[in-house]
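Following: one structure in structure tokens, then a few remarks.
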Amino acid sequence: MEQMSKDETIALRQKYIGKSCQLFFKQDPIKIVKAKGQYMYDEKGNVYLDCINNVAHVGHCHPKVVEAGCEQMKLLSTNNRFLHDNIVLCAKRLVETMPEKLNTCFFVNSGSEANDLALRLAQIHTGNNDVITLKGAYHGHLTSLIDISHYKFSLPGGTGQKSHVHLASSPDIYRGKYNTKNHKKEEICRLYTEEVRSICERVRDEKGVGICAYIAESLISCGGQVIPPENYLKEVYNHVRAYGGVCIADEVQVGFGRVGTHWWAFQLQDVVPDIVTIGKPMGNGHPVAAVVTTEEIAESFRKTGVEYFNTYGGNPVSCAIANAVMDVIVEENLMQNALEVGEYLLDRCVELMNRYSAIGDVRGRGLFIGIEFVTDRESRTPDPETASFINKRMKENLILLSVDGPDNNVIKMKPPMVFSKQNVDEVVCALDEVFQEMEQTNSSRGSKIVEIEDKTK
Ligand SMILES: Cc1ncc(COP(=O)(O)O)c(C=O)c1O
């Protein structure tokens with residue numbers, strides 16, 4: 001098929017695609033025509049280093065994953081009312097990566113579907129309806145999930161907070177409600193978890209009911225690459241369970257070994273959720289997702305007598321692909337790579353922070369890293385302008401990053417797991433050059449970029 005020019009593509013997109021679908025880099029969007037590993041190629045052959053596509057988990061278009069999909073596609077794709085090996089093997093593989101109690105799978109097609117099903121399971125199992133979610137959280141685009149995604153419902157044109165939804169502060173120890181500037185480090189965790197407990201109590205006292213679910217990402221991506229303090233999930237889960245609720249870990253972004261030390265990010269906090277939702281990296285770009293839960297919760301669902309049917313969930317092609325993704329993670333030792341390269345990336349970003357005052361905080365686990373920009377370190381005032389300027393200049397240098405967080409001042413990195421130390425050097429050198437450039441031009445933005453003389457911090 002002959003390729004359209006970029007302008008033609010833009011024109012057709014403007015004409016036929018809903019305007020609420022947004023593009024990265026609206027002023028000068030990128031037209032990507034192919035990708036491999038951690039690299040994406042535009043229509044002119046420019047090669048971008050991809051630091052943001054956590055979906056292309058084992059590398060864009062990994063040959064083993066592509067082949068698994070193609071081969072199964074030639075043989076059969078149908079629904080899971082027929083017996084098939086791929087779905088049962090996929091479930092077995094997933095369960096083997098989870099704590100023992102999490103031993104039952106349901107297959108769906110997207111992270112949103114997974115979270116919607118998780119909520120349904122939680123409602124059926126607990127008989128309750130009130131959900132605790134975090135400020136700044138995003139859990140998907142279905143109506144049920146927009147309701148629990150403060151990231152969306154709180155926007156000026158959003159649907160607002162529903163009466164069954166309760167917001168707890170994001171456990172951000174740098175610039176959250178309780179932070180290391182205003183509170184003793186050892187108190188922060190309790191302050192955040194106490195908020196969750198008091199929500200549970202308020203729901204009981206005011207409505208006379210228990211909690212349905214607490215849902216959170218195990219590391220918070222849309223909320224600005226937040227790493228909850230140690231023991232946060234343990235204490236929250238205890239409170240929620242004491243008030244009748246179940247705990248849902250949304251691992252749609254952060255699962256499948258991204259944190260380096262474990263398959264699942266909730267394992268960093270040594271907890272066992274009641275329901276885990278997984279998606280994005282599971283299909284390396286193919287739509288496949290799942291809910292993994294306990295036998296008891298699955299049994300409550302069965303007892304309703306209502307069949308769970310999903311036309312595409314768990315089809316042989318999707319499961320062949322998911323199985324190949326898990327094979328590649330193991331065969332190519334990608335968790336170890338995430339650990340080593342992630343630590344190197346974090347160290348090198350800390351070096352930058354030690355040199356440039358615009359960076360207030362650097363944090364992360366494995367290949368999940370955030371760089372937070374502030375106008376000054378004392379006040380920790382967010383600096384979205386610098387974050388977005390750097391993002392734009394990096395794109396011009398053919399490096400793809402993204403900006404997020406409640407104040408749009410956090411640069412996120414969550415590259416394919418094949419990211420290398422050499423890639424880290426490229427990113428850090430390019431960032432350094434942009435900082436230098438900003439300093440030299442002494443533009444209105446550049447005046448904020450102060451190189452720190454004392455490099456010992
Ligand atoms: C944390 C989290 N949960 C759920 C979803 C929804 O997944 P999907 O877009 O596959 O429906 C997303 C998507 O960005 C997400 O970031």
Side-chain angles (χ1 to χ4, degrees), residues 101 115-116 118-139 144-154 158-173 175-180 182-220 222-223 226-250 266 269-277 293-294 296-297 300 406:
K101 201 177 98 169
N115 281 332
D116 183 73
L119 287 181
R120 190 168 160 211
L121 291 174
Q123 282 162 358
I124 290 167
H125 186 69
T126 63
N128 299 327
N129 194 38
D130 287 79
V131 176
I132 303 174
T133 182
L134 296 180
K135 282 187 190 141
Y138 177 68
H139 294 293
S144 63
L145 305 169
I146 294 298
D147 284 351
I148 59 160
S149 296
H150 176 252
Y151 190 77
K152 295 279 182 188
F153 76 64
S154 64
T159 44
Q161 187 174 345
K162 300 277 163 64
S163 60
H164 71 287
V165 175
H166 308 275
L167 286 174
S169 299
S170 171
D172 171 2
I173 66 166
R175 232 170 35 75
K177 181 170 176 188
Y178 308 113
N179 57 60
T180 49
N182 296 325
H183 301 85
K184 288 200 188 110
K185 205 166 177 198
E186 53 282 10
E187 279 179 3
I188 294 177
C189 179
R190 193 191 48 78
L191 290 166
Y192 279 121
T193 60
E194 175 54 24
E195 245 193 32
V196 176
R197 196 203 61 76
S198 74
I199 292 172
C200 296
E201 194 174 64
R202 186 161 41 81
V203 170
R204 185 198 60 193
D205 294 348
E206 289 176 10
K207 295 188 170 184
V209 293
I211 294 296
C212 169
Y214 165 88
I215 183 167
E217 287 187 271
S218 311
L219 301 178
I220 298 146
C222 295
V226 170
I227 314 289
E230 209 183 325
N231 288 327
Y232 170 79
L233 283 181
K234 210 173 249 179
E235 290 179 23
V236 165
Y237 281 16
N238 284 340
H239 292 320
V240 171
R241 285 170 178 153
Y243 286 82
V246 297
C247 303
I248 304 172
D250 180 336
F266 65 77
Q269 295 242 340
D270 197 19
V271 289
V272 181
D274 302 294
I275 305 176
V276 180
T277 56
T293 189
T294 63
E296 293 74 36
I297 292 178
S300 300

I'd like to check [X] versus [Y] (side-chain heavy atoms, cut-off strictly below 4.5 Å). Are they in contact?
X      : Y      : answer
Val203 : Val209 : yes
Tyr214 : Leu233 : yes
Pro171 : Leu134 : yes
Pro406 : Lys135 : no
Cys200 : Ile132 : yes
Ile248 : Asp274 : no
Phe153 : Leu167 : yes
Arg241 : Cys247 : yes

### Query
Stepwise, does the side chain to side chain contact (heavy atoms under 4.5 Å, CB included) test hold for Thr133 with His150?
CA-CA 8 Å; Thr133 182; His150 176 252; 5.6 Å; no

### Message
I'd like to know whether CD of Glu187 has more than 12 heavy-atom contacts from other residues, nucleotides or ligands below 6.0 angstrom.
### Response
yes

### Message
Would you say that more than 12 heavy atoms from the other residues, nucleotides or ligands in this model lie under 6.0 Å from the CG of Asn238, or not?
### Response
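Enclosed.
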
For [X] and [Y], which heavy atoms make the closest approach, and how far apart are they?
X      : Y      : value
Cys222 : Tyr151 : O-CE1, 3.7 Å
Glu195 : Tyr178 : OE2-OH, 3.6 Å
Ile275 : Ala122 : CD1-N, 4.2 Å
Glu217 : Leu219 : CB-O, 3.1 Å
Ile199 : His166 : CG2-CB, 3.5 Å
His139 : Asp250 : ND1-OD2, 2.8 Å

### Query
Between Asn231 and Lys234, is there a donor-acceptor pair closer than 3.5 Å when you use the side chain of the first and the backbone of the second?
no

Reported [atom1]-to-[atom2] distance for the pair [X] and [Y], which is rounded to 0.5 angstrom:
X      : Y      : atom1 : atom2 : result
Glu201 : Arg197 : CD    : CZ    : 4.5 Å
Ser170 : Ile220 : OG    : CD1   : 4.0 Å
Ile188 : Tyr232 : CD1   : OH    : 13.0 Å
Ser300 : Ile124 : OG    : CD1   : 8.0 Å
Leu191 : Lys184 : CG    : NZ    : 11.0 Å
Lys177 : Asn182 : NZ    : CG    : 12.5 Å

### Message
Can you tell me which residue among Val131, Asp147, Thr277 is in a side-chain contact (heavy atoms from CB on, under 4.5 Å) with Leu119?
### Response
Val131

#### Entry: Lys152 to Tyr138 six-membered ring, cation-pi geometry met (6.0 Å, 45°)
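Checked: cation-pi criterion met.
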
